[in-house]
Amino acid sequence: MARALSKLVRHALRTHGCGCESLTVSVRSISFSPRQVTSDAGFHSVSFSETDHPKVLITGGLGQLGVGLAKMLRRQFGKNNVILSDIRKPPSDVYHNGPFIYSDILDYKNLREIVVNNRITWLVHYSALLSAVGEANVSLARDVNITGLHNILDIAAEHGLRLFVPSTIGAFGPSSPRNPTPDLCIQRPRTIYGVSKVHAELMGEYYHHRYGLDFRCLRYPGIISADSQPGGGTTDYAVQIFHDAVKTGKFECNLRPDTRLPMMYITDCLRATLEMMEAPAEVLSMRTYNINAMSFTPEELAHELQKLLPGLQVTYHIDPVRQAIADSWPMNFDDSNARKDWGWKHDYDLPELVQTMLNFIGSDSRIASAN
Ligand SMILES: NC(=O)c1ccc[n+]([C@@H]2O[C@H](COP(=O)([O-])OP(=O)(O)OC[C@H]3O[C@@H](n4cnc5c(N)ncnc54)[C@H](O)[C@@H]3O)[C@@H](O)[C@H]2O)c1
Ligand SMILES: C[C@@H](O)[C@H](N)C(=O)O
């Protein structure tokens, strides 16, 4: 079919007088297949030997998740085999801990150059505008989350990369079943973030079926981390509460006390990502999976924190934008397919999460005040 289309396109180019350039013109510009790909290229085979370590590029790597992922992958595959990239200037510890490179995902040629020059084999695509920030800047969110993704898909397909794109609980909406939310159900999100993530899931799966792209996607819940800040989402309160609790003993929550959302500690999230990337293709009955660890409300989280910090005072000042988003998202996430297919299992429930976060932030703030 691809060969027939290719023939058709060459014919169209000839009849429109494109002359000798027709053979070198980027096929993406005539929009039937990824750019500059011969119609019979075999994308299922990656170009590195199976015994080699993958050479990984992480886009949007300076956000909440990228630095931690790079650290974990470098332990596994070697420091120089994992390149972090972003459009922001890296802090000095990140810059000195391994390869960092400037990459704007809206610049297709720059991306291609990085992939080619560094012989990249795995691409982890983390660049995005999250839910709350996206609603505040819809056109930028559309560019980064949708146009940027198109560049990533084409680069990955053309160079035979294994591509990981995270999706989110935000890919569901008010008409989805919310308690629990299965992998396959109605997805009609009401945020540009959610719409762009459903688009990413569908485009990735389309490229998988159409071009053999090794596309892998996990729908993350809200991720909680101690040493990296969230980038403007609806679940950010669940990180901020720990910092405020340790620093001031007070926290003002921007969601209602009974707002239940699925959540996960970052260590589980990053391990799930590596496990999904390493899973043999034969065990993946789907290319997009829900993953989950726990679900709680602000009230329940505060209660768990108060067991260890009894003086903590929590008040509520609702942000209507974030509240409306949270009210349309899953309350519990059904991740039984991930557990069945590739053995997903979380380590951190709410008590372990709270203990670990407080240990981390508490020891960090003791170090800061001693300096
Ligand atoms: N953190 C969570 O709770 C969570 C939950 C579900 C899904 N996810 C997904 O995981 C991924 C990583 O999330 P995060 O929390 O680290 O996000 P983040 O907002 O903290 O970081 C995103 C990064 O993308 C970068 N970026 C923006 N525009 C760019 C561009 N044009 N080119 C290159 N980089 C650009 C930003 O500079 C930023 O460092 C995102 O795709 C997000 O949707 C995150
Ligand atoms: C849930 C996730 O996608 C992100 N933390 C957000 O709230 O936007």
Side-chain angles (χ1 to χ4, degrees), residues 57-70 84-91 94 100-108 110-111 114 123-137 140-152 163-172 181 189 191-201 204 217-225 227-240 254-255 259 261-266 268-270 272-273 288 290-293 295 319 321-323 325-326 328-330 333:
L57 174 67
I58 303 172
T59 68
L62 294 185
Q64 186 188 2
L65 306 185
V67 173
L69 183 72
L84 264 180
S85 71
D86 208 298
I87 51 172
R88 296 191 278 143
K89 198 163 145 187
V94 172
F100 177 86
I101 209 162
Y102 171 86
S103 174
D104 181 347
I105 57 154
L106 295 174
D107 182 346
Y108 171 81
N110 166 251
L111 263 178
I114 292 169
L123 179 45
V124 177
H125 177 46
Y126 269 174
S127 309
L129 262 63
L130 302 196
S131 57
V133 167
E135 288 312 290
N137 197 341
L140 183 63
R142 200 185 53 192
D143 286 349
V144 173
N145 296 9
I146 298 178
T147 309
L149 174 90
H150 294 167
N151 286 338
I152 294 288
L163 174 63
F164 180 83
V165 179
S167 185
T168 163
I169 49 173
F172 297 93
T181 305
T191 60
I192 185 64
Y193 178 60
V195 169
S196 69
K197 290 294 188 178
V198 177
H199 176 77
E201 295 175 6
C217 175
L218 295 177
R219 296 191 189 104
Y220 295 161
I223 305 301
I224 299 169
S225 58
D227 59 350
S228 58
Q229 291 300 318
T234 303
T235 58
D236 293 9
Y237 91 85
V239 176
Q240 196 57 43
N254 56 21
L255 294 182
T259 310
L261 290 168
M263 301 277 185
M264 181 178 285
Y265 185 54
I266 188 166
D268 274 340
C269 165
L270 302 180
T273 304
T288 302
N290 293 350
I291 50 161
N292 197 20
S295 268
D319 170 353
V321 173
R322 282 183 164 85
Q323 187 64 54
I325 295 174
S328 74
W329 281 3
F333 222 26

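Atoms within a ligand are numbered from 1 in the order they appear, just like the ligands themselves. Just so it is clear, the values below take in all heavy atoms, side chains as well, and ignore hydrogens, waters and symmetry mates.
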Next item on the list: Just say parallel, tilted or perpendicular for the rings of Tyr126 and Phe164, cut-offs at 30° and 60°.
Entry: perpendicular
Next item on the list: Nearest 0.5 Å please: distance from the CG atom of Asp268 over to the OH atom of Tyr220.
Entry: 12.0 Å
Item checked: Shortest protein heavy-atom distance from atom 7 (O) of ligand 2, along with the residue and atom involved -> Thr234 N, 2.6 Å
Notebook entry, point to check: Considering only protein heavy atoms, which is closest to atom 17 (O) of ligand 1, and at what distance to one decimal place?
Noted result: Leu130 CD2, 3.9 Å
Check: For Gln229, is at least one N or O under 3.5 Å away from an N or O on ligand 1?
Finding: no
Margin query: How long is the straight-line distance from OG1 of Thr235 back to CG of Leu130, given to the nearest 0.5 Å?
Written below: 8.0 Å
Checklist line | Donor-acceptor contact present, side-chain Gln229 to main-chain Gln64, <3.5 Å | finding: no
Next item on the list: Mark up the atoms of ligand 2 that fall under 4.0 Å of a heavy atom belonging to Tyr193, in ascending order.
Entry: 2 (C), 3 (O), 8 (O)
Check: Can you list the residues that meet the ring pair (Phe, Tyr, Trp, His ring centres under 6.0 Å) rule with Tyr265, with sequence neighbours excluded?
Finding: Tyr348
Next item on the list: Examine ligand 2 and decide if any of its atoms is less than 4.0 Å from a heavy atom belonging to Trp329.
Entry: yes
Check: Between Asn145 (side chain) and Ala128 (backbone), is there a donor-acceptor pair under 3.5 Å?
Finding: no
Next item on the list: Considering only non-hydrogen protein atoms, determine which one is nearest to atom 43 (O) of ligand 1 and report residue, atom name and distance to 0.1 Å.
Entry: Tyr193 OH, 2.6 Å
Next item on the list: Number the atoms of ligand 1 from 1 as they appear, then name those within less than 4.0 Å of a heavy atom of Thr168, with their elements.
Entry: 6 (C), 7 (C)
Notebook entry, point to check: Which option out of Pro221, Gly63, Ala238, Ser85 puts a heavy atom nearest to atom 18 (P) of ligand 1?
Noted result: Gly63
Notebook entry, point to check: Does ligand 1 have any atom sitting under 4.0 Å from a heavy atom of Gly232?
Noted result: no
Note to self: I want to know if ligand 1 touches Ser127 in the polar sense, i.e. an N/O pair below 3.5 angstrom.
What the structure shows: yes
Notebook entry, point to check: Does at least one non-hydrogen atom of Ser103 fall below 4.0 angstrom from an atom of ligand 1?
Noted result: yes
Margin query: What protein heavy atom lies closest to atom 22 (C) of ligand 1? Include the residue and the distance to one decimal.
Written below: Ala128 O, 3.7 Å
Checklist line | Enumerated ligand 2 atoms positioned under 4.0 Å from heavy atoms of Leu130 | finding: 8 (O)
Checklist line | Nearest neighbour in protein (non-hydrogen) for atom 29 (C) of ligand 1 | finding: Ile87 CD1, 3.6 Å
Note to self: Once you restrict to heavy atoms under 4.0 Å, what part of Ile223 touches ligand 2? Side chain, backbone, both or neither.
What the structure shows: neither
Note to self: Tell me which one of Thr59, Leu123, Ile101 satisfies side-chain contact (heavy atoms from CB on, under 4.5 Å) with Ile114.
What the structure shows: Ile101
Check: Quick one: CG on Asp143 to CG on Leu149, what's the gap to the nearest 0.5 Å?
Finding: 13.0 Å
Check: Tell me, which protein residue and heavy-atom name are nearest atom 23 (C) of ligand 1, and how many Å apart are they?
Finding: Gly60 O, 3.5 Å
Margin query: For ligand 1 and Tyr220, I'd like to know whether there is a polar contact (N/O to N/O, distance under 3.5 Å).
Written below: no
Check: Could an N or O of ligand 1 be found under 3.5 Å from any N or O of Lys197, whether backbone or side chain?
Finding: yes
Margin query: Quick test: of every protein heavy atom, which one is nearest to atom 36 (C) of ligand 1, and how far off is it to 0.1 Å?
Written below: Asp86 OD1, 3.6 Å
Notebook entry, point to check: Which heavy atom in Leu218 sits nearest to a heavy atom in Ala272, and how many Å separate them?
Noted result: CD1-O, 3.6 Å
Check: Of all the atoms in ligand 2, which lie at a distance below 4.0 Å from a heavy atom belonging to Ser131?
Finding: 6 (C), 7 (O), 8 (O)
Check: Do any N or O atoms from the side chain of Ser196 and from the backbone of Ile192 form a donor-acceptor pair under 3.5 angstrom?
Finding: yes
Check: In the protein, what heavy atom is nearest to atom 7 (C) of ligand 1, and what distance, to one decimal place, separates them?
Finding: Ser167 O, 3.3 Å
Margin query: Please list the nearest protein heavy atom to atom 12 (C) of ligand 1 with its residue and the distance rounded to 0.1 Å.
Written below: Tyr126 O, 3.5 Å
Notebook entry, point to check: Any side-chain heavy-atom pair from His150 and His199 closer than 4.5 angstrom?
Noted result: yes
Checklist line | Heteroatom proximity flag, Ile223 to ligand 1, N/O under 3.5 Å | finding: yes
Note to self: Please evaluate residues Phe333 and Ile169 with respect to the criterion side chain to side chain contact (heavy atoms under 4.5 Å, CB included), reporting the C-alpha separation (whole Å), side-chain torsions for both, the decisive distance (0.1 Å), and the verdict.
What the structure shows: CA-CA 8 Å; Phe333 222 26; Ile169 49 173; 3.6 Å; yes
Next item on the list: To the nearest 0.5 Å, tell me how far Ser167 OG sits from Lys197 NZ.
Entry: 6.0 Å
Next item on the list: Please work out whether any backbone atom (N, CA, C, O) or any side-chain heavy atom from C-beta onward of Gln64 is under 4.0 Å from ligand 1, and answer side chain, backbone, both or neither.
Entry: both
Next item on the list: Considering only non-hydrogen protein atoms, determine which one is nearest to atom 4 (C) of ligand 2 and report residue, atom name and distance to 0.1 Å.
Entry: Thr235 OG1, 4.0 Å
Next item on the list: Could you tell me the separation between the CD1 atom of Ile325 and the OG1 atom of Thr259, rounded to the nearest 0.5 Å?
Entry: 12.0 Å
Notebook entry, point to check: In terms of side-chain geometry, is the basic nitrogen of Arg322 or Glu135 positioned less than 4.0 Å from the acidic oxygen of its partner?
Noted result: no
Notebook entry, point to check: Going by the atom numbers of ligand 1, which of them fall below 4.0 Å from some non-hydrogen atom of Asp104?
Noted result: 30 (C), 31 (N), 32 (N)
Notebook entry, point to check: Would Thr59 count as a contact of ligand 1 if the rule is a heavy atom under 4.0 Å away?
Noted result: no
Notebook entry, point to check: How many angstroms lie between atom SG of Cys269 and atom CE of Met263, to the nearest 0.5 angstrom?
Noted result: 13.0 Å
Notebook entry, point to check: Under a 4.0 Å heavy-atom limit, does Leu65 contact ligand 1 with its side chain, its backbone, both, or neither?
Noted result: both
Check: Got a donor-acceptor contact below 3.5 angstrom from the Ser131 side chain to the Thr234 backbone?
Finding: yes
Note to self: So if I count the atoms of ligand 2 from 1 in the order they appear, which ones are less than 4.0 Å from some heavy atom of Thr168?
What the structure shows: 1 (C), 2 (C), 3 (O)
Next item on the list: Looking only at distances, please establish whether an N/O atom of ligand 1 is found under 3.5 Å from an N/O atom of Leu106.
Entry: no
Check: For ligand 1, which atoms, with element, lie under 4.0 Å from some heavy atom of Arg88?
Finding: 37 (O), 38 (C), 39 (O)
Check: Can you find a heavy atom in the side chain of Ile105 that is under 4.5 Å from one in the side chain of His125?
Finding: yes
Next item on the list: Say whether Pro166, considering both its backbone and side-chain N or O atoms, lies within less than 3.5 Å of an N or O atom on ligand 1.
Entry: no
